[in-house]
Every structure is written in structure tokens, then in C-alpha cells.
Amino acid sequence: MEQEKTDVMMRTVHTFVMRAGRMTDAQRRDYETLSAKWCVPYKEEQIDFTALFGNEKPVTVEIGFGMGKATGIIASENPDKNYLGLEVHTPGVGKLLGDIRDLGLTNLRIVEHDAMDVLKYMIPDSSVDAFHIFFPDPWPKKKHHKRRLVQRPRTDLIASKLKKGGYLYFVTDWLPYAEFALEELTATEGIKNRYEGFAPHQEWRPETKFERKGKNAERVISELMFERV
């Protein structure tokens, strides 16, 4: 019975809501002309990362990159690593595609689909060196907590995709979500906290407009980093 409840949650409860967002002309043009080159079509078969990127460099998966500013910067500053961004917001996909072109990136790809489906069907077990989850929807109302991305059994699925020593890095400006996520990640088998409680700020992570907005509203920025053991 418990497994049936877990399966239903994973299949039917989405961690996102499809918000209607207007694409700029530039985003639409980049989406139409560049998606065939840099987007990986969703399909229920596993990705061969070596074939996809043409090398065996470490792979980082970012779940929900929004408009992709931090994603592009991190990829450009770390050419020795490969990055796969997962996002359902089409304007954000269009914006990041333009950044890939403008920054001349060869180490970044995108899957435009529900991350839980991508993880379940496309990402091989023990194949990912890092997961980045930056400022996901906190779903503050109690009745919506079941939609939060960082909670079991979703974290169990994410952990199963990490290589030994790989890490999950989570950042939020909603303290109740941070405290909730700390409990859920601590209870997730196969991963452990790198720190005692919250992690210190990772200086290599770029600050985004969304993060500045949170700081201006005097919300606390909380970070967590768990690694596969």
C-alpha cells in the first residue's frame, strides 16, 4: 500500500505549475532556431552522457533553471564539466539557448520536460556528479507541501542517480522550506550532510536577480549540500 502511494505521488503530483509566460521576440527566435541543436528531446530511454557531450567529463544536472542566468555563467566558468539543465518554462529555455550561443558554450544541454520523468527514465543510476536545485517553488501553503521538489520519495530518486562522492546542492530563500528540506534530505538513504546543518555560502554560485529580490525582502538565503556515500 505504501509503495502504491509513493508511485501515485511520483506520477501525478507535479513540483511545478505551468505559468503562462510571454516570450520575447528574441527568446522565441532563439527557441525556434537553436533548440534542435542544444535541446535533448524527452524520451523514455537513458541518455549516454559520453555520446551526448563527446567526452567523459563530470556531469552536473540542474533541476529548474528558471531563466538560466546562473546556469550559463557556471557552465562558462567550468569548461572541464558538462551541464544538463531541466526546465518546463519555455521562455527560460529560449533565454538560455541564446546564452549558450552568445557564450560559445559546448558543455551545456537542455531537456524541456518534467524533471521527475527525466530522472526516472533518462538519467542512469550512479551517473551524475552533482545536482543543483536553486530557488525552487517553496509551495508555502501546507496543502501544497506535497508538491515540493526536495522531499522523499523524490530525494530518494535523485540520490540514486548520484555517483559516490557526488553532491546535491539546494538553495532557497524560504526558511520553512529550508528546514523542511534539511529533515527530508537527512532521512534520505545513501546521502549525508557535508556540514552540521546548513551549508556556508558557496562563493562560486552566481547571484541572480531572483536572489537579490529575496535579499531585498529581507529573506534568509539558506543552502544545503548533501553527498552520496
Side-chain angles (χ1 to χ4, degrees), residues 10-11 14-19 21 23-24 26-137 149-150 154-155 157-163 166-170 228:
M10 294 290 283
R11 287 197 309 268
H14 287 160
T15 63
F16 60 90
V17 60
M18 293 297 291
R19 297 181 176 88
M23 297 181 75
T24 65
Q27 290 166 1
R28 181 177 295 104
R29 180 178 63 250
D30 290 341
Y31 183 85
E32 292 174 351
T33 59
L34 300 174
S35 58
K37 185 175 183 180
W38 302 115
C39 286
V40 180
Y42 172 76
K43 57 181 66 175
E44 293 186 4
E45 62 181 52
Q46 293 188 341
I47 295 173
D48 181 335
F49 287 126
T50 301
L52 177 63
F53 291 103
N55 58 62
E56 296 184 352
K57 297 175 182 178
V59 175
T60 294
V61 175
E62 181 171 359
I63 301 178
F65 57 74
M67 298 306 290
K69 179 182 178 181
T71 312
I73 294 173
I74 292 173
S76 68
E77 293 180 346
N78 296 275
D80 58 328
K81 300 176 182 178
N82 295 319
Y83 294 86
L84 181 67
L86 313 181
E87 182 56 69
V88 296
H89 187 55
T90 304
V93 173
K95 178 64 170 61
L96 184 55
L97 285 167
D99 290 344
I100 292 174
R101 178 200 57 222
D102 295 343
L103 294 170
L105 302 179
T106 61
N107 61 335
L108 176 56
R109 303 289 188 277
I110 298 169
V111 179
E112 186 183 1
H113 194 78
D114 181 357
M116 290 298 101
D117 287 341
V118 176
L119 291 174
K120 183 175 181 179
Y121 296 110
M122 297 185 72
I123 307 299
D125 288 350
S126 304
S127 67
V128 176
D129 295 87
F131 280 101
H132 292 170
I133 306 174
F134 300 155
F135 302 98
D137 195 325
L149 172 63
V150 181
R154 298 186 180 105
T155 53
L157 177 61
I158 295 171
S160 72
K161 306 302 175 179
L162 280 171
K163 292 180 181 178
Y167 68 84
L168 184 160
Y169 179 26
F170 167 78
R228 181 79 182 183

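Quick note: numbers below take in every heavy atom, side chains included, and nothing from hydrogens, waters or symmetry partners.
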(message) Tell me whether N107 contacts the main-chain N or O of A75 through its side chain, where contact means a donor paired with an acceptor under 3.5 Å.
(response)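 Yes; judged by distance alone, with no hydrogens or angles, the pair exists.
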(message) What's the separation between atom NZ in K37 and atom CZ in R109, rounded to the nearest 0.5 Å?
(response)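 Rounded to the nearest 0.5 Å, the NZ-CZ separation comes to 9.0 Å.
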(message) Return the CZ to CG distance between F131 and L84, rounded to the nearest 0.5 Å.
(response)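 Here the rounded value is 9.0 Å.
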(request) Can you sort out the partners of T106 under side-chain contact (heavy atoms from CB on, under 4.5 Å), two or more places apart, ordered by chain and number? (result)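 With sequence neighbours excluded, T106 shows a side-chain contact (heavy atoms from CB on, under 4.5 Å) to no residue whatsoever.
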(message) So, using side-chain contact (heavy atoms from CB on, under 4.5 Å) as the criterion, who are the partners of T50 when residues are at least two apart?
(response)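 By the side-chain contact (heavy atoms from CB on, under 4.5 Å) rule, T50 matches D48, E56.
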List the residues meeting side chain to side chain donor-acceptor pair (under 3.5 Å) with [X], not counting sequence neighbours, and say none if there are none.
| X | answer |
| --- | --- |
| Y169 | R205, E223 |
| N78 | none |
| E112 | Y31, T90 |

(request) Sequence neighbours left out, what pairs pass side-chain hydrogen bond (donor to acceptor under 3.5 Å, both in side chains) with at least one residue falling in residues 121-131? (result)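 Counting only pairs at least two positions apart or across chains, the side-chain hydrogen bond (donor to acceptor under 3.5 Å, both in side chains) contacts touching residues 121-131 are D125-K161, D129-K163.
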(message) With salt bridge (charged side-chain N to carboxylate O under 4.0 Å, His left out) as the rule and sequence neighbours excluded, what pairs involving residues 87-105 come up?
(response)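 Every pair satisfying salt bridge (charged side-chain N to carboxylate O under 4.0 Å, His left out) with a residue in residues 87-105: D30-R101, K95-D99.
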Give the minimum heavy-atom separation between [X] and [Y], together with the two atoms involved.
| X | Y | value |
| --- | --- | --- |
| M23 | P91 | CG-CG, 3.6 Å |
| L103 | S76 | CD1-CB, 4.4 Å |
| A130 | V128 | O-CG1, 3.1 Å |

(request) Report the residues that fulfil ring-ring contact (aromatic ring centres under 6.0 Å, His included) with F53, sequence neighbours left out, ordered by chain and then residue number. (result)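 ring-ring contact (aromatic ring centres under 6.0 Å, His included) check on F53 returns nothing, list empty.
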(request) Check ring-ring contact (aromatic ring centres under 6.0 Å, His included) between Y83 and all other residues, then give those that pass, not counting sequence neighbours. (result)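 Y83 satisfies ring-ring contact (aromatic ring centres under 6.0 Å, His included) with no other residue.
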(request) Applying salt bridge (Lys or Arg N to Asp or Glu O under 4.0 Å), name anything that partners K81, two or more places apart in sequence or on another chain. (result)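 Testing K81 for salt bridge (Lys or Arg N to Asp or Glu O under 4.0 Å), a comparison that skips the adjacent residues, returns none.
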(message) Restricting to salt bridge (Lys or Arg N to Asp or Glu O under 4.0 Å), what partner residues turn up for K43, sequence neighbours left out?
(response)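 Once residues adjacent in sequence are excluded, K43 has no partner under the salt bridge (Lys or Arg N to Asp or Glu O under 4.0 Å) criterion.
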Please tabulate, for side-chain N and O atoms in residues 57-70, each donor-acceptor pair with protein atoms closer than 3.5 Å (sequence neighbours left out).
unit_1, atom_1, unit_2, atom_2, d
K57, NZ, P79, O, 3.0
E62, OE1, T71, OG1, 2.6
E62, OE2, T71, OG1, 3.4

(request) Only one of V93, L96, L97, I110 passes side-chain contact (heavy atoms from CB on, under 4.5 Å) with L34; say which it is. (result)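 Among V93, L96, L97, I110, the one that satisfies the side-chain contact (heavy atoms from CB on, under 4.5 Å) with L34 is L97.
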If you define the side chain from C-beta out and look only at heavy atoms, does anything of [X] sit under 4.5 Å from [Y]?
| X | Y | answer |
| --- | --- | --- |
| I123 | F49 | yes |
| T155 | F170 | no |
| V150 | L168 | no |
| M116 | L149 | yes |

